There are 2 protein chains.
Amino acid sequence: MTDEDLGELCARATRRLAKDEQPLLDEHGVSMWQYITLSALAREPARSQLELARAIRYDKTRLIALLDELEAAGLISRRPDPEDRRARLVSLTPEGTQRHTAIRHAIRAMEDRILADLGPAARGLLRSGLRHLAYGGVAGS
Amino acid sequence: MTDEDLGELCARATRRLAKDEQPLLDEHGVSMWQYITLSALAREPARSQLELARAIRYDKTRLIALLDELEAAGLISRRPDPEDRRARLVSLTPEGTQRHTAIRHAIRAMEDRILADLGPAARGLLRSGLRHLAYGGVAGS
DNA sequence: TATTGTTATACTCTATAACTATA
DNA sequence: TATAGTTATAGAGTATAACAATA
């Protein structure tokens, strides 16, 4: 009865991580959503902007201005899909790949500092628990 | 290198929990922040609205309208502090306590369903890991 | 007729500053 | 002068609807 709700705890952890990531993102000149977008494209180029929006669970109309900025910064490229000229193929430029890698390293180092006194087993279970919360289903649904 | 960032993972888990909590909150007629406020007051009545705002890390100006609604719903009471007439003591009414307990039970049951196949040790480490992320400091700061 | 990308509009949420009453 | 509560206003963030091009 003295524990916080899991949701509240999770929300606080998220805000704390976001707060610690912000200065790193600022240094590299990208917003949180821009970094998430770069991460998604690093995993796999998008066959359309709509597919990309769904992959990162971001609004498709807001994604447009975000991609405009990333394109103007030379971090991504958009080109029409020859097989479906409505769609635009989105991928990282070499500079985009490089930028994403640099930011990722900085963020991982920050995470490692936060988790420093946790031990490998506890870290692993935290990660797998979070993955369960994020992606796992519920018994009976 | 194949893992997601901890921040992204945590954000997804938070959104998932919030999504699953929403229908429960709707049933009981309170918003997420209203529930967080009731939870804070259930732990301990507030000696001022400012103290309450800081405790839940919510903006003091937005808290006002939120408390207005909770007061109109008969879930909290505000009365001037006799020792400092600038401040207002905020506490749950009996109905507020009852409402909070009911919502809390519903949310805990939902959480238990999500965590059903996780085992007590994994649950405990998930909770302590999250608490570390949420409240823990960083080596060197 | 449906879908992709886009723009424009309206709406909500959040942050800032200013005011009052007390101290 | 500083603080608690409040209000008003401006800004950012978000959601909705509509349009052109293509399928």
Side-chain angles (χ1 to χ4, degrees), chain A residues 7-8 11-12 14-16 18-19 21-22 25-26 29-37 40-41 44-72 75-91, chain B residues 7-8 11-12 14-16 18-19 21-22 25-26 29-37 40-41 44-72 75-91:
Chain A
E8 187 177 350
R12 283 195 194 284
T14 301
R15 264 174 291 170
R16 188 270 171 94
K19 195 176 164 191
E21 278 179 21
Q22 197 57 59
L25 294 169
D26 289 347
V30 300
S31 70
M32 179 77 74
W33 276 112
Q34 285 177 338
Y35 172 64
I36 290 172
T37 302
L41 293 174
E44 162 178 57
R47 286 207 304 270
S48 76
Q49 297 182 183
L50 204 56
E51 181 195 77
L52 179 57
R54 278 195 281 256
I56 63 175
R57 296 180 205 187
Y58 194 61
D59 188 79
K60 67 160 185 169
T61 65
R62 277 181 287 153
L63 183 60
I64 292 166
L66 189 150
L67 292 179
D68 287 345
E69 292 160 13
L70 289 177
E71 194 175 33
L75 302 179
I76 65 156
S77 75
R78 283 192 277 201
R79 62 190 187 84
D81 182 346
E83 295 179 2
D84 181 347
R85 283 184 305 177
R86 292 173 306 179
R88 308 179 72 171
L89 302 167
V90 187
S91 58
Chain B
E8 187 176 350
R12 283 195 194 283
T14 301
R15 265 176 288 172
R16 189 270 171 94
K19 195 176 163 191
E21 278 179 23
Q22 198 56 58
L25 294 170
D26 289 347
V30 300
S31 70
M32 179 78 72
W33 277 111
Q34 286 177 337
Y35 171 64
I36 290 172
T37 302
L41 294 174
E44 161 178 57
R47 287 207 305 270
S48 77
Q49 297 182 184
L50 204 55
E51 181 195 77
L52 178 58
R54 278 194 280 255
I56 63 175
R57 295 179 207 189
Y58 194 60
D59 187 80
K60 67 161 185 168
T61 66
R62 277 182 286 155
L63 184 60
I64 292 166
L66 189 149
L67 291 179
D68 287 346
E69 292 161 11
L70 288 178
E71 193 174 34
L75 302 179
I76 65 156
S77 76
R78 284 193 276 201
R79 61 189 187 83
D81 182 346
E83 296 178 3
D84 181 348
R85 284 184 303 176
R86 292 173 305 179
R88 308 180 70 171
L89 302 166
V90 188
S91 58

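As the structure is a computational prediction, the values presented were derived from the model and not from experiment. Just so we're on the same page: letters track the sequence lines, and every chain starts at 1.
B/Lys60 places its NZ atom 17 Å from the P atom of C/dT14, with the value rounded to the nearest Å. Rounded to an integer number of Å, the gap from CD1 of B/Ile64 to P of C/dT20 is 15 Å. Remark: P of C/dC11 and CG of A/Asp59 are 17 Å apart, rounded to the nearest angstrom. Whole-Å rounding puts the B/Leu63 CG to C/dT14 C1' distance at 14 Å. C/dG5 atom P lies 13 Å from atom CD of A/Glu71, rounded to whole Å.
Annotation for A/Glu44: atom CD does not count as buried by contact number, only 12 or fewer foreign heavy atoms lying within 6.0 Å. Other residues, nucleotides and ligands contribute only 12 or fewer heavy atoms inside 6.0 Å of the CZ atom of A/Arg47.
Within the model, atoms CD1 of B/Ile64 and CZ of B/Arg88 stand 9.0 Å from one another, a figure rounded to the nearest 0.5 Å. Separating the CG atom in B/Leu70 from the CG atom in B/Leu41 is a distance of 8.0 Å, to the nearest 0.5 Å. In this structure, A/Leu52 CG and A/Leu67 CG are separated by 6.0 Å, a value rounded to the nearest 0.5 Å. Taking OG1 from B/Thr37 and OH from B/Tyr58, the interatomic distance works out to 7.5 Å, rounded to the nearest 0.5 Å. Atom CD of B/Gln49 sits about 12.5 Å away from atom CZ of B/Arg54, to the nearest 0.5 Å. For the atom pair B/Leu89 CG and B/Arg79 CZ, the distance stands at 5.0 Å (nearest 0.5 Å).
Here the range on DNA chain D touched by chain A, meaning any atom under 4.0 Å from one of its heavy atoms, is D/dT14 to D/dA23.
Taking the side chain to side chain donor-acceptor pair (under 3.5 Å) definition, one finds that B/Arg12 meets it with A/Tyr135, B/Glu8, sequence neighbours left out. With sequence neighbours left out, A/Arg86 forms a side chain to side chain donor-acceptor pair (under 3.5 Å) with A/Asp84. Applying the side chain to side chain donor-acceptor pair (under 3.5 Å) test to A/Glu69 and every residue at least two apart in sequence or in another chain returns A/Gln34.
Within residues 75-87 of chain A, the residues having any heavy atom under 4.0 Å from DNA chain C are, by residue number, A/Arg78, A/Arg86, A/Ala87. For the contact set between residues 49-58 of chain B and DNA chain C, defined by any heavy atom under 4.0 Å, there are no members.
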